[in-house]
Trainee: 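Pasting in a structure now, in structure tokens, and then I'll have a few things to ask.
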Amino acid sequence: MNYDGIIIGIGTFLIIGLLHPVVIKAEYYFTAKIWPLFLIFGLLCLAISLVSPSPTERSLSAVLGCSLLWSIKEISEQKKRVEKGWFPKNPKRKMFKAPEISGNNK
């Protein structure tokens with residue numbers, strides 16, 4: 001019996017399910033500036049999928065690679081969700097505050 005399809009389906013489900021909280025935590029602790037890390041690992045997984053000997057490994061690494069690339073978009077969306085108040089801001093993160101411009105230059 002061939003279980004490749006079931007393994008790929010379960011693996012895809014787990015990859016997508018696990019990356020959701022990873023995106024939330026990554027934005028919380030590292031800001032949206034962590035996106036290049038997702039890009040590097042996503043492209044690396046896609047490259048692995050091109051040379052892997054096993055069809056199951058090829059499929060799962062391609063799913064992981066595409067999911068990591070999709071996570072780049074989700075990190076920017078997560079930043080917007082935090083700004084809307086749907087998710088908590090990291091209180092330890094220093095927020096950039098623009099200097100005030102006053103009309104009185106004495």
Side-chain angles (χ1 to χ4, degrees):
M1 214 179 270
N2 189 345
Y3 293 103
D4 286 349
I6 293 172
I7 293 169
I8 292 167
I10 291 170
T12 300
F13 178 76
L14 291 174
I15 288 168
I16 293 169
L18 291 174
L19 278 179
H20 179 68
V22 167
V23 166
I24 293 169
K25 295 293 185 186
E27 195 285 327
Y28 184 83
Y29 289 110
F30 304 108
T31 74
K33 294 179 182 178
I34 197 166
W35 73 266
L37 199 60
F38 283 87
L39 176 66
I40 291 167
F41 283 110
L43 293 175
L44 182 64
C45 287
L46 289 176
I48 289 170
S49 75
L50 294 173
V51 297
S52 180
S54 164
T56 305
E57 289 175 14
R58 280 195 302 264
S59 299
L60 289 175
S61 61
V63 167
L64 179 59
C66 290
S67 296
L68 286 167
L69 294 177
W70 182 265
S71 294
I72 296 170
K73 176 194 173 294
E74 285 300 317
I75 287 177
S76 65
E77 294 293 322
Q78 180 65 18
K79 180 181 175 185
K80 293 175 188 174
R81 291 189 282 263
V82 169
E83 290 170 358
K84 291 178 182 178
W86 296 353
F87 285 86
K89 292 180 184 178
N90 186 346
K92 295 180 181 178
R93 187 184 308 158
K94 292 184 179 183
M95 301 302 259
F96 174 74
K97 187 174 180 181
E100 295 182 19
I101 300 174
S102 63
N104 299 337
N105 291 335
K106 292 183 182 181

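Small disclaimer: the values here were computed from a predicted structure and weren't measured. Side-chain atoms are counted along with the backbone in the values below, which use heavy atoms only and exclude waters and symmetry mates.
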Trainee: Can you tell me if CZ on Phe87 sees more than 12 non-hydrogen neighbours from other groups inside 6.0 Å?
Mentor: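 Check passes, neighbour count above 12.
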Trainee: How many angstroms lie between atom OG1 of Thr56 and atom CD1 of Ile8, to the nearest 0.5 angstrom?
Mentor: 4.5 Å
Trainee: Does Asn90 use its side chain to pair, donor to acceptor, with the backbone of Tyr28 at less than 3.5 Å?
Mentor: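 Looks like yes, one N/O pair under 3.5 Å.
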Trainee: How about Ile72 and Leu69: do any of their side-chain heavy atoms sit closer than 4.5 Å?
Mentor: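 A side-chain contact under 4.5 Å exists here.
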Trainee: Say whether Leu44 and Trp70 are linked into one hydrophobic cluster, either directly or through other cluster members, by side-chain heavy-atom distances under 4.5 angstrom.
Mentor: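 Per the 4.5 Å side-chain linkage, Leu44 and Trp70 are not co-clustered.
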Trainee: Same cluster or not: are Ile15 and Leu37 linked, directly or through other Ile, Leu, Val, Met, Phe, Trp or Tyr residues, by side-chain heavy atoms under 4.5 angstrom apart?
Mentor: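 Ile15 and Leu37: one cluster.
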Trainee: For Leu46 and Cys66, which heavy atoms make the closest approach, and how far apart are they?
Mentor: CD2-SG, 3.9 Å
Trainee: As a quick check of understanding, evaluate side-chain contact (heavy atoms from CB on, under 4.5 Å) for Glu74 and Arg81, giving each step before the final call.
Mentor: CA-CA 10 Å; Glu74 285 300 317; Arg81 291 189 282 263; 3.3 Å; yes
Trainee: Measure across Cys45 and Ser61 and return the closest heavy-atom pair with its distance rounded to 0.1 Å.
Mentor: CB-O, 3.4 Å
Trainee: Cluster question for you: counting only ILVMFWY and a side-chain heavy-atom cut-off of under 4.5 Å, with indirect links fine, are Ile40 and Phe30 together?
Mentor: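 Ile40 and Phe30: separate clusters.
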Trainee: Any ion pair linking Glu27 and Lys80 (charged N to carboxylate O, less than 4.0 Å)?
Mentor: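 No, this pair does not count.
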Trainee: Nearest 0.5 angstrom please: Ser54 OG to Asp4 CG, how far?
Mentor: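 These two atoms lie 6.5 Å from each other.
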Trainee: Could you give the distance from CG (Leu43) to CZ (Phe38), rounded to the nearest 0.5 Å?
Mentor: 13.5 Å
Trainee: Restricting to pairs with a member in residues 14-26, which pass salt bridge (charged side-chain N to carboxylate O under 4.0 Å, His left out), not counting sequence neighbours?
Mentor: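 For residues 14-26, and leaving out neighbouring residues, there are no salt bridge (charged side-chain N to carboxylate O under 4.0 Å, His left out) pairs at all.
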Trainee: Treat each ILVMFWY residue as a node, draw an edge where side-chain heavy atoms are under 4.5 Å apart, and state whether Phe13 and Ile16 are in one component.
Mentor: no
Trainee: Run the numbers on Leu14 and Ile10 for side-chain contact (heavy atoms from CB on, under 4.5 Å), then give the verdict.
Mentor: CA-CA 6 Å; Leu14 291 174; Ile10 291 170; 4.0 Å; yes
Trainee: Within the side chain of Ser76, is there an N or O that forms a donor-acceptor pair under 3.5 Å with the backbone of Lys73?
Mentor: yes
Trainee: Tell me whether Ser67 contacts the main-chain N or O of Val63 through its side chain, where contact means a donor paired with an acceptor under 3.5 Å.
Mentor: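 Checking the backbone N and O of Val63 against the side chain of Ser67, a donor-acceptor pair under 3.5 Å is found.
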Trainee: Has Arg58 got a side-chain atom pairing as donor or acceptor with Pro53's backbone, closer than 3.5 angstrom?
Mentor: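 Answer holds: yes.
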Trainee: Say you draw a straight line from OG1 of Thr12 to CD1 of Ile7; how long is it, rounded to the nearest 0.5 Å?
Mentor: 11.5 Å
Trainee: Provide the closest heavy-atom pair for Pro21 versus Gly17 in the form atom of the first, atom of the second, distance.
Mentor: CD-O, 3.1 Å
Trainee: As a test of understanding, state which of Leu68, Ile75, Ile34 forms a side chain to side chain contact (heavy atoms under 4.5 Å, CB included) with Val23.
Mentor: Ile75
Trainee: Mind checking whether Ile24 and Val22 sit in one hydrophobic cluster, side chains of I, L, V, M, F, W, Y counted as touching below 4.5 Å?
Mentor: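 As far as the 4.5 Å side-chain criterion goes, Val22 and Ile24 are not connected within one cluster.
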